[in-house]
Amino acid sequence: MPTDEHAAAPPSLRQRRRAAAVQEILDAAERHITENGPAALSLRAIARSLGMTVQALYHYFPSRDDLVTALIAKAYDDLTDAVQAAVDAATEDSAQERVLVAAEGYRHWAIAHPERFQLLYGTPLRYYAAPVEGPTTQAVRRMSAIFERELFDGFTTAQLAAADTPGLSAALLAYLDQLPPTGRRDLPPPATALVLSAWGHLHGLVVLEVFGHTSFLADHQAEIFRMAMRNLFHDIHSRIPPGGPETAAAVPHPREHPSSAGR
């Protein structure tokens with residue numbers, strides 16, 4: 001078993017140099033995506049911009065897929081950091097305000113980084129498949145934890161299990177029940193369904209704006225988004241029953257900072 005001294009040992013010079021080189025490659029790849037779009041990602045062009053050969057780049061990223069995976073995970077992490085920073089900077093402590101600023105943090109990052117957002121949610125890159133339970137999955141779970149926490153903070157598991165979600169089939173509820181948790185706790189199937197529906201509404205509006213489909217609204221796009229998010233929040237909370245004797249023993253969802261989730 002390693003001692004505390006060994007566990008706390010600083011990275012070696014070789015490790016620091018490798019980490020610096022990896023970061024430089026990622027930065028160059030992000031610039032290439034910003035200038036040319038994700039579909040034009042070229043290892044040869046990235047290597048050329050850094051004054052290195054493709055063979056040297058492969059020393060740090062053995063394949064194109066390894067580089068794409070690192071870029072996607074980093075984009076998710078940067079997006080998540082933006083969402084968390086927005087929540088941390090909220091001037092009001094109401095549940096609605098925290099959900100609203102989290103959604104705004106998502107929207108603002110997407111608008112500021114449309115090409116990287118397209119890498120995450122645009123047309124899939126040909127021949128690329130993300131590794132199962134790899135860094136991209138872990139990064140998505142970290143972001144999901146924020147929205148789950150802010151949507152359901154203060155509700156018990158029993159309340160969430162009793163949420164009003166009419167029309168869901170027994171087969172779907174059973175399927176949702178066996179999915180791995182995406183946040184800090186296992187959500188009952190009705191709550192998972194509400195999260196998926198909420199994310200679809202939030203993400204759909206952001207996609208429409210990032211790709212120019214709501215440009216006819218001009219400067220009013222933000223107002224429409226805020227209205228939709230407020231309506232979404234009220235709809236979800238109206239579906240969750242108030243606590244009572246039958247739910248009093250359930251454990252409330254603690255508000256935790258998910259900065260290390262999935263890392």
Side-chain angles (χ1 to χ4, degrees), residues 9-86 88-89 102 104-146 203 206-213 215 258-263:
S12 66
L13 176 61
R14 182 177 181 180
Q15 289 171 324
R16 295 198 301 274
R17 285 176 173 171
R18 180 176 181 85
V22 166
Q23 186 60 56
E24 191 174 0
I25 293 169
L26 289 174
D27 290 344
E30 286 179 353
R31 288 194 299 271
H32 185 80
I33 288 174
T34 298
E35 294 169 2
N36 303 284
L41 184 65
S42 165
L43 269 64
R44 187 174 302 278
I46 293 168
R48 188 186 309 117
S49 72
L50 293 171
M52 62 192 305
T53 65
V54 175
Q55 288 72 23
L57 191 150
Y58 282 134
H59 179 68
Y60 301 98
F61 294 97
S63 71
R64 166 186 172 271
D65 282 7
D66 290 314
L67 177 57
V68 171
T69 295
L71 288 168
I72 291 174
K74 185 174 182 298
Y76 272 126
D77 279 336
D78 289 348
L79 173 55
T80 301
D81 288 343
V83 172
Q84 184 61 55
D88 291 342
E104 288 282 11
Y106 187 99
R107 172 180 172 268
H108 288 156
W109 189 91
I111 293 171
H113 306 90
E115 293 83 10
R116 296 180 69 198
F117 186 76
Q118 184 178 351
L119 176 67
L120 299 180
Y121 296 117
T123 303
L125 296 179
R126 292 189 70 185
Y127 310 118
Y128 172 75
V132 177
E133 293 298 318
T136 56
T137 302
Q138 295 167 11
V140 171
R141 286 176 178 165
R142 179 175 168 244
M143 182 172 63
S144 297
I146 299 176
H203 178 72
V206 172
V207 167
L208 289 174
E209 183 172 358
V210 169
F211 293 104
H213 299 296
S215 58
S259 59
S260 60
R263 298 259 190 183

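Annotation for Leu71 and Ile33: closest pair CD1-CD1, 3.9 Å, computed over non-hydrogen atoms. The two residues Ala129 and Asp65 have their closest heavy-atom pair at N-OD2, 4.3 Å. For the residue pair Pro131 and Thr69, the shortest heavy atom distance occurs at CD-OG1, 3.5 Å. Between Leu120 and Ala75, the closest heavy-atom pair is CD2-CB, 3.7 Å. Of all the heavy atoms in Ala130 and Thr136, the pair that sits closest is CB-OG1, 3.6 Å.
In this structure, CG in Leu41 is found 13.0 Å from CD in Glu115, a value given to the nearest 0.5 Å. Interatomic distance, OH of Tyr76 versus CE of Met143, reported as 6.0 Å (0.5 Å rounding). Between Leu57 atom CG and Ile25 atom CD1 the span is 4.5 Å, to the nearest 0.5 Å. Note: Ile46 CD1 to Arg31 CZ = 9.5 Å, rounded to the nearest 0.5 Å.
In this structure the side chain of Leu67 reaches within 4.5 angstrom of the side chain of Leu26, judged on heavy atoms. Between Ile72 and Leu119, some side-chain heavy-atom pair lies under the 4.5 Å cut-off.
With sequence neighbours left out, Glu133 forms a side chain to side chain donor-acceptor pair (under 3.5 Å) with Arg141. Checked against ring pair (Phe, Tyr, Trp, His ring centres under 6.0 Å), His203 has the following partners two or more places apart in sequence or in another chain: Phe117, Tyr121, Trp199. For His113, the ring pair (Phe, Tyr, Trp, His ring centres under 6.0 Å) criterion is met by Trp109, not counting sequence neighbours. Judged as a side chain to side chain donor-acceptor pair (under 3.5 Å), and not counting sequence neighbours, Ser215 has no contacts. In this view, Ala39 satisfies the side chain to side chain contact (heavy atoms under 4.5 Å, CB included) rule with no residue, not counting sequence neighbours. With sequence neighbours excluded, no residue forms a salt bridge (charged side-chain N to carboxylate O under 4.0 Å, His left out) with Glu35. With sequence neighbours excluded, the residues satisfying side chain to side chain contact (heavy atoms under 4.5 Å, CB included) with Ala56 are Met52, Thr53. Shown here are the side chain to side chain contact (heavy atoms under 4.5 Å, CB included) partners of Pro114, two or more places apart in sequence or in another chain: Val210. Among residues two or more places apart in sequence or in another chain, the salt bridge (charged side-chain N to carboxylate O under 4.0 Å, His left out) test is passed with Asp78 by Lys74, Arg116.
Identified under the salt bridge (charged side-chain N to carboxylate O under 4.0 Å, His left out) test for residues 9-25, with sequence neighbours left out: none. Residue pairs meeting the ring-ring contact (aromatic ring centres under 6.0 Å, His included) criterion with at least one partner in residues 20-65, sequence neighbours excluded, do not occur; the list is empty. Residue pairs meeting the side chain to side chain donor-acceptor pair (under 3.5 Å) criterion with at least one member in residues 41-52: none, sequence neighbours excluded.
With hydrogens and angles left out, the side-chain atoms of Ser63 and Asp66 include a donor and acceptor closer than 3.5 Å.
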Are Arg142 and Asp81 close enough, and set up right, to give a side chain to side chain contact (heavy atoms under 4.5 Å, CB included), and what steps lead you there? CA-CA 10 Å; Arg142 179 175 168 244; Asp81 288 343; 2.5 Å; yes

